[in-house]
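Hydrogens, waters and symmetry mates are skipped; everything else that's a heavy atom, side chains included, is used.
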Amino acid sequence: FKFNDGIIVSVDSRSTMGAYIASGTVKKVIEINPFLLGTMAGGAADCSFWERNLGVQCRMYELRNGRRISVAAASKLLANTMNSYRGYGLSMGTMITGWDETGPQLYYVDNDGTRLKGKYFSVGSGSTYAYGVLDSFYRDDLTVEEAIDLGRRAIYHATHRDAYSGGINNLYHVTKEGWKKIHAIDVNDMHYEFAEEKKNSMSS
Amino acid sequence: LTALDFVLLQLLQHTHINLYRSTMAPFRTHNQQQNSRNAAGGPGLAMMPPIIHSSEGPVMAKADTIDHGVTEAPYERGFSPYEFNGGTTLAIAGPDYAVVAADTRLSSGYEILSRDVSKLHALTDRCVLGSAGCKTDVDQLRSVLDIKQKIYHHNHRKQMSTPSVAQMLGNTLYYKRFFPYYAFNVLGGVDAEGKGAVYSYDAIGSFERTPFSATGSGQAYIIPLLDNVIGHKNRADEKRELPAEEVVEIVKDAFVTAGERDIYTGDSVEIMVITAEGIQTTTFDLKRD
C-alpha cells in the first residue's frame, strides 16, 4: 500500500501445488531493479519470467532514453504483454510499485490485461482477510513504523485464516532512494507475539 | 448496413449453423465447440468410429443414447503426448558440497522397463541435473541444455556457473510454457564461491535456491524426512553441521523409505557428491520389487 512516506510491500512465502505445499520460502517480491518492485501471485513461473522480462525492458528504456522509466510506463509494458497473451492461460496477479518523478506509485496488473492505479491493493487467495485489516487501519499519514506494523498484521491475518498462505512475511519499504528490505519474520512467531499482546490488552 | 440488415445476417448465420447441426452427428459438433483455444496444447480430438476399442475389447457404440455408450464401455478419447516414467530425485546442499541422488528405475504404467537408467546428468563439472518424469522430455531437455552450455563456453571461454545454469534451465522450461517439458528437475552443484547450491523447479520453470529438494513420484515421502533431518524442523536437539559422508547415509535411508511406499522408486540409487574438486559417483542397491 502507498502512504505519504513511500510504499510498503508485504507478502507471504507459501507456494502450493494443489493441496501440497511445494515451498514455504518463496520470494514473492521480485526485485525488478533497485527502484521497482513487483509482487507475485498466481502462477510462480509466469510471474517470475514476465517480471524478469519487464526488468529487461526497463533497462532498455533507460539505455535508449537516458533516464529511469516511470512506474506507469513499466506497469503499462507488463499489462500490454499480458494483453497479447490473453486467452492462453497465463495466471498472474501482480503489483508494480516504485518511486519515480511523480512520487510513489502503485499499480495492479493482471493476467487478463487489467491495470489499475491505486493507494492500496491486496492480491491472492488470502486477499480478503488482508483487506479487512488494511481497510480498517489505513490512513495516508501513517508513520513509517505504523505502516510497517500494518503491513505485517495484514499478512499475518491472511496467513492465519487462509490455508494457501503462510511461511515467512517479507516486507519491503520503497522510498525516494529505492527499495529496502525491512524484515523477514516467520508468521508463527508473529502469532505468539500478537497472542501475548491480546492477553495484555484484555487484562488491562 | 442498417440494424435490420445486421439482424437478418445473424438470422442467416444461425440457420446455416442449424442446418449444419442436423446433418452431422450431435457428438461431433459438440466436440468442435468445446475445442476452442485449448491452452493445454497437444493434438486435438479423436474421431468417433462406430466400433470402439476399449480396454475390454471392441464394443459397438450406441450412438442413439445421450452418452454414446460411454458409461457402458469406457474408452480412451484422444491421444496424450505425455507419459509418466516414474522415479525420484533429490539434492541436498552443504557448506562446501552438494549431494544429488536419483533412483535408476524406468517404468511405464505397471511395468518396469529398465532397472539401470540414470536420471542424473552432469552439465558442467560443478553441477548436476537430476530429472524425473517423462524420459523423452528429460532427454530432450538435457540435449538442449548441453548445447546452450557449449555455446556459452565457446562465447565466454569459461564454464557456466551453477546459478547461471539454474537461470538458463528456468528460462528453457518457460519457453515451452504452452507445451511443457514433462520433467521435474532438481539442480545441485557448487556455486562460484564453493558453497553448495541446490535449486528446485516446477514443470514450467519457476525456480528457487533451497537447502534441499526432492522431486518425482517419491517426493512426498522424502521431503518430510529431509525437513526433519536436514532442515531441523520440529526437533528439540541442537542443530549441527552435517559432513558429506553423513548426508550420503541420510540420502540412502531416504531412498529406502521412498522405495518402501512408492512403486516407481527402487532397484538402485545413483549418488553424486559434488565439491569444488569435482564429482564422485557411488551406487547403492535398493529392493527390486
Side-chain angles (χ1 to χ4, degrees), chain A residues 11-32 38-57 78 81-94 111-113 124 166-168 170 184 186-189, chain B residues 35-42 91 93 133 163-164 166-186 197-224 226-228 230-234:
Chain A
V11 296
D12 75 322
S13 69
R14 176 171 291 186
S15 117
T16 53
M17 286 202 290
Y20 178 72
I21 297 176
S23 171
T25 53
V26 177
K27 303 272 177 317
K28 292 195 187 179
V29 174
I30 294 162
E31 298 153 8
I32 299 171
T39 59
M40 179 200 289
D46 291 330
C47 286
S48 48
F49 183 89
W50 289 113
E51 290 186 20
R52 191 161 187 259
N53 181 270
L54 179 63
V56 170
Q57 287 179 300
L78 187 62
T81 312
M82 287 299 114
N83 206 279
S84 57
Y85 282 92
R86 195 156 181 203
Y88 281 81
L90 292 180
S91 166
M92 194 191 78
T94 179
N111 56 270
D112 42 37
I168 298 170
N170 289 309
D186 192 327
V187 298
N188 282 319
D189 298 335
Chain B
N35 196 30
S36 56
R37 292 187 309 169
N38 188 351
S164 306
Q167 183 70 60
M168 177 178 76
L169 174 55
N171 284 343
T172 310
L173 291 169
Y174 197 84
Y175 288 144
K176 276 181 58 83
R177 167 72 172 75
F178 300 118
F179 186 7
Y181 287 110
Y182 189 358
F184 301 110
N185 303 290
V186 112
V198 164
Y199 293 86
S200 27
Y201 291 81
D202 72 354
I204 44 173
S206 146
F207 70 97
E208 191 200 351
R209 183 167 176 174
T210 49
F212 57 85
S213 169
T215 56
S217 52
Q219 170 187 40
Y221 307 114
I222 293 186
I223 286 205
L226 296 182
D227 270 334
N228 181 272
I230 312 277
H232 213 263
K233 297 266 170 72
N234 302 315

With B:N228 via side-chain hydrogen bond (donor to acceptor under 3.5 Å, both in side chains) - residues at least two apart: B:R235

What part of B:I223 gets within 4.5 angstrom of chain A, counting heavy atoms only: side chain, backbone, both, or neither? side chain

Minimum heavy-atom distance B:R177-A:D46, with the two atoms named: NE-OD1, 2.6 Å

Exceeds 12 heavy-atom contacts within 6.0 angstrom, atom CZ of A:R52: no

Considering non-hydrogen atoms only, spot the tightest contact between A:A44 and B:S206 and give its length. CB-OG, 3.3 Å

Using the six-membered ring wherever Trp is involved, compare the ring planes of B:Y174 and A:F49 and label them parallel, tilted or perpendicular (cut-offs 30° and 60°). parallel

Using the ring pair (Phe, Tyr, Trp, His ring centres under 6.0 Å) criterion, which residues pair with B:F184? Sequence neighbours excluded. B:Y182

